[in-house]
Amino acid sequence: IGTVTAFSPFDARADAEALRKAMKGIGTDEETVLKILTSRNNAQRQEIASAFKTLFGRDLVDDLKSELTGKFETLMVSLMRPTYIFDAHALKHAIKGAGTNEKVLTEILASRTPAEVRNIKQVYLQEYEANLEDKITGETSGYFQRLLVVLLQANRDPDGRVDEGLVEQDAQVLFRAGELKWGTDEEKFITILGTRSVSHLRRVFDKYMTISGFQIEETIDRETSGDLEKLLLAVVKCIRSVPAYFAETLYYSMKGAGTDDDTLIRVMVSRSEIDLLDIRKEFRKNFAKSLHHMIQKDTSGDYRKALLLLCGGDDE
């Protein structure tokens, strides 16, 4: 369940007028901007943008960019990005220019469903006239690249009846490919973690623990490294629980010195209508503090106000 839902009673023209007034002339009324944009869902924000253009002949996103600055601007502009293009846009920016942002590739491809991945590939092709897989393979290498390609095929087995015999077999194969082997057979990890169904893999992880005495994460941690390790761990965590994976992602985006604002914004915006309430629950359970509390402590100004409104309640 998300924290942002359709606002009612909704009046796109009234919102467009309030936003224009907030940004017209000298100075900007940021409070009005953030209150409107965080309390409307994405479909409604698109209607507001359309009404804004109809009434004033101006582009709402361009106005936000010229009136706002810094992280607050990034957050407001992200909220305005149409849902259907959000992931494709994030991936496009993760693989352009100098250096590839492996963190973004990992987060999106590990956490999205096969249907979502198929949609991302289609949108990428339509919007950017480029093949996402080609772009990613051009910027990555090794087993990290190969697991990304497997995930991009979006052919994970659908959930169905779990065959305990196959569960046992996969758990044994993983045990032999990692703990029992000098060196690691990464390919076995890639194939099994990248293609088996979610319900099957959850049983495999339990069986693996029984056979080896280790959580599969411990083995991945010991036997692999670098980008591949991070991707394998993200896949395992998402198989166990997508909300728990995002709770952890949010926690580490704010923990310690400095904040990874790009990640904080990307997750808060992309999950706000999907499972941010579930993420909040997992956050409280796993980190003994609320997401609200951590955002409150780690951010400031209008940026903080807007993030807290997206977060919704405080689970202290």
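Everything quoted here is computed from the prediction, not taken from an experiment.
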Taken to the nearest 0.5 Å, the spacing of Thr106 OG1 from Phe144 CZ works out to 4.0 Å
Spacing of CG belonging to Leu147 relative to OG1 belonging to Thr140, to within rounding of 0.5 Å: 10.5 Å
Below 4.0 angstrom, N of the basic side chain to O of the carboxylate: do [X] and [Y] qualify?
X: Lys103; Y: Asp260; answer: yes
X: Arg146; Y: Glu186; answer: no
X: Glu164; Y: Arg203; answer: yes
X: Asp63; Y: Arg58; answer: yes
X: Lys65; Y: Asp62; answer: no
X: Lys53; Y: Asp59; answer: yes

Between Lys24 and Glu17, is the salt bridge (charged side-chain N to carboxylate O under 4.0 Å, His left out) condition met? List the steps. CA-CA 10 Å; Lys24 197 175 177 174; Glu17 279 164 0; over 6 Å; no
Would the number of heavy atoms belonging to other residues, nucleotides or ligands and lying under 6.0 Å from NZ of Lys121 be above 12? yes
Whether over 12 other heavy atoms sit under 6.0 Å from Glu218 CD: yes
Applying salt bridge (charged side-chain N to carboxylate O under 4.0 Å, His left out) to Glu31 and Lys35, what does each step give before you reach the verdict? CA-CA 6 Å; Glu31 189 87 9; Lys35 284 206 161 128; 3.1 Å; yes
Apply salt bridge (charged side-chain N to carboxylate O under 4.0 Å, His left out) to residues Glu179 and Arg222 and explain how you reach the verdict. CA-CA 9 Å; Glu179 296 291 344; Arg222 262 199 302 277; 2.7 Å; yes
With side-chain hydrogen bond (donor to acceptor under 3.5 Å, both in side chains) as the criterion, how do Tyr252 and Thr263 come out once you've worked through the C-alpha distance, each side chain's angles and the decisive distance to 0.1 Å? CA-CA 10 Å; Tyr252 286 107; Thr263 296; over 6 Å; no
With a 4.5 Å cut-off on side-chain heavy-atom distances among I, L, V, M, F, W and Y, is there a chain of contacts connecting Phe205 to Ile190? yes
Grouping I, L, V, M, F, W and Y whenever their side-chain heavy atoms are under 4.5 Å apart, do Phe10 and Leu55 come out in a common cluster? yes
Looking just at side-chain N and O atoms, do [X] and [Y] make a donor-acceptor pair shorter than 3.5 Å?
X: Asp170; Y: His200; value: yes
X: Arg202; Y: Ser199; value: no
X: Asp261; Y: Tyr303; value: yes
X: Thr224; Y: Glu229; value: no
X: Gln153; Y: Arg118; value: no
X: Thr113; Y: Glu116; value: yes

Criterion side-chain contact (heavy atoms from CB on, under 4.5 Å) on Asp275 and Ile1, from CA distance to verdict: CA-CA 4 Å; Asp275 54 5; Ile1 316 163; over 6 Å; no
Cation over ring, Arg45 on Phe7, under 6.0 Å and within 45°? no
Is Lys237 close enough and on-axis enough to Tyr245, meaning under 6.0 Å and within 45°, for cation-pi? no
Verdict with reasoning, Tyr124 to Glu129, per side-chain hydrogen bond (donor to acceptor under 3.5 Å, both in side chains): CA-CA 7 Å; Tyr124 200 94; Glu129 297 179 348; over 6 Å; no
Run the numbers on Lys285 and Glu282 for salt bridge (charged side-chain N to carboxylate O under 4.0 Å, His left out), then give the verdict. CA-CA 5 Å; Lys285 190 173 85 190; Glu282 291 291 336; 3.3 Å; yes
Checking Cys238 against Phe246 for the side-chain contact (heavy atoms from CB on, under 4.5 Å) test, could you report, in this order, the C-alpha distance in whole Å, the side-chain angles of both residues, the deciding distance, and whether it holds? CA-CA 9 Å; Cys238 288; Phe246 281 117; 5.8 Å; no
Can any side-chain N or O of Arg271 pair as donor or acceptor with the backbone N or O of Leu276 at less than 3.5 Å? no
Using the side-chain contact (heavy atoms from CB on, under 4.5 Å) rule, take Val267 and Glu107 through it: C-alpha gap first, then chi angles, then the decisive distance, then the call. CA-CA 9 Å; Val267 175; Glu107 179 196 301; 3.8 Å; yes
side-chain contact (heavy atoms from CB on, under 4.5 Å) between Lys305 and Thr38, intermediate numbers included: CA-CA 10 Å; Lys305 279 183 196 163; Thr38 58; over 6 Å; no
Quickly, which of Leu174, Leu201, Val167 forms a side-chain contact (heavy atoms from CB on, under 4.5 Å) with Tyr208? Name it, please. Leu174
